[in-house]
Amino acid sequence: QDASPELRTPLTSLHTNVQVLGNADRLSPPARDRLIDDLQGETRELTGLVNELVGLATGDHEDEDMVSVSLRNVADRVAKRTSRRTGRDIVVDADDSVVWGRPGSLERALANPVENSAKFDPDGAYPIEIRVREGVVEVLDRGPGVDPEELGRVFERFYRATEARGLPGSGLGLSMVSEIARAHGGDVFARNREGGGSAIGFWLPLSTPPADDA
């Protein structure tokens, strides 16, 4: 029951896209290709989300292989998918940071704060920014920010900030970010930005594949 809102977002998008697929004969080839990409992306996201929820419930981590992961590529995928889903302008400013980790898990860790930014500031005049620097991944927005007294609790399981209590959600999203970051040897952070808005994200140790795994 607590996890259901986290599952609802990709399920709703899948349902909408399947309905559109019923009229695929009226779509142009590029539009059909985008629709198929959306369906594949939502399916991957839902699979990853279910795995992560099971991991939170059982203390286990999904069986996805550890590989060399470009954080720029992760950010680009999250920005593209979330922008289509929410209609928000999402920009990526990333260096060439590479980490050793599970791509699906890291994508989910970044998607959660990006989706939160879009949810709390749906009609924002400023774009949401994903910034990657030396293994530090930040989601920057100009939304309402977080009550300073609650900043230290936003990553707790089932905790919902005051501003979030009238919106859909379970309080699991950011706790998943924390679980994933720490499973990769990193950690999370949250702060309010000067001029309004928040910066929420995580850092990961930079890494390269083992020498015998080239």
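Computed from a prediction, not measured in an experiment: that's the story for all the values here.
Nearest heavy atoms, N192 versus V146: ND2-O, 2.6 Å. For A190 against V154, the heavy-atom pair with the smallest separation is CB-CG2, 4.0 Å. Across S83 and R88, no two heavy atoms sit closer than the pair OG-O, 2.8 Å. Residue G186 comes nearest to P205 through the heavy atom pair N-CD, 4.0 Å, listed as atom of the first residue, atom of the second, then distance. The minimum heavy-atom distance between S117 and D141, with the atom names listed, is OG-OD2, 2.7 Å. Considering all non-hydrogen atoms of both residues, G135 and L71 come closest at CA-CD1, 4.0 Å.
Once rounded to the nearest 0.5 Å, the distance linking CG of N116 with CD1 of I200 reads 6.5 Å. Taking CD1 of I128 as the reference point, atom CG of D89 lies at 8.5 Å (rounded to 0.5 Å). Note that the CZ atom of R34 and the CG atom of N17 stand 11.5 Å from one another [nearest 0.5 Å]. For the atom pair CG of N112 and CD1 of I180, the computed distance is 7.0 Å after rounding to the nearest 0.5 Å. With rounding to the nearest 0.5 angstrom, the CG atom of D38 is 10.5 Å from the OG1 atom of T43. One distance of note links CD of E134 with CG of L206; it measures 5.5 Å at 0.5 Å rounding.
D65 and R102 are not joined by a salt bridge, as no carboxylate oxygen comes within less than 4.0 angstrom of a charged side-chain nitrogen.
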Passes side chain to side chain contact (heavy atoms under 4.5 Å, CB included), R81 versus S13? Steps please.
CA-CA 11 Å; R81 185 175 63 248; S13 295; over 6 Å; no

Side chain to side chain contact (heavy atoms under 4.5 Å, CB included), that's the test. Do L140 and R131 meet it? Break it down for me.
CA-CA 8 Å; L140 307 165; R131 183 180 299 168; 3.3 Å; yes

Check against side chain to side chain contact (heavy atoms under 4.5 Å, CB included), L204 and V137
CA-CA 8 Å; L204 303 171; V137 183; 5.5 Å; no

Test log, rule side chain to side chain contact (heavy atoms under 4.5 Å, CB included), inputs D121 and Y126:
CA-CA 10 Å; D121 190 26; Y126 298 93; over 6 Å; no

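Between E129 and D93, some side-chain heavy-atom pair lies under the 4.5 Å cut-off.
Of the residues listed (R193, R191, R133), the one engaging E138 in a salt bridge (charged side-chain N to carboxylate O under 4.0 Å, His left out) is R191, and it is the only one.
Under a hydrophobic-cluster definition in which Ile, Leu, Val, Met, Phe, Trp and Tyr are linked whenever side-chain heavy atoms come within less than 4.5 Å, directly or via other members, L14 and L27 are assigned to the same cluster. Residues V67 and V99 share a single hydrophobic cluster, defined by chaining ILVMFWY side chains whose heavy atoms lie under 4.5 Å apart. The cluster map of Ile, Leu, Val, Met, Phe, Trp and Tyr, joined by side-chain heavy atoms under 4.5 Å apart, puts M176 and F189 in different clusters. By the rule that hydrophobic residues join a cluster once side-chain heavy atoms approach within less than 4.5 Å of another member, L39 and V20 end up as members of one cluster. In the hydrophobic clustering of this structure, V78 does not group with W203; members are Ile, Leu, Val, Met, Phe, Trp, Tyr whose side-chain heavy atoms approach within less than 4.5 Å, directly or through other members.
Looking at R77 and N73, their side chains never bring a donor and an acceptor atom within 3.5 Å of each other.
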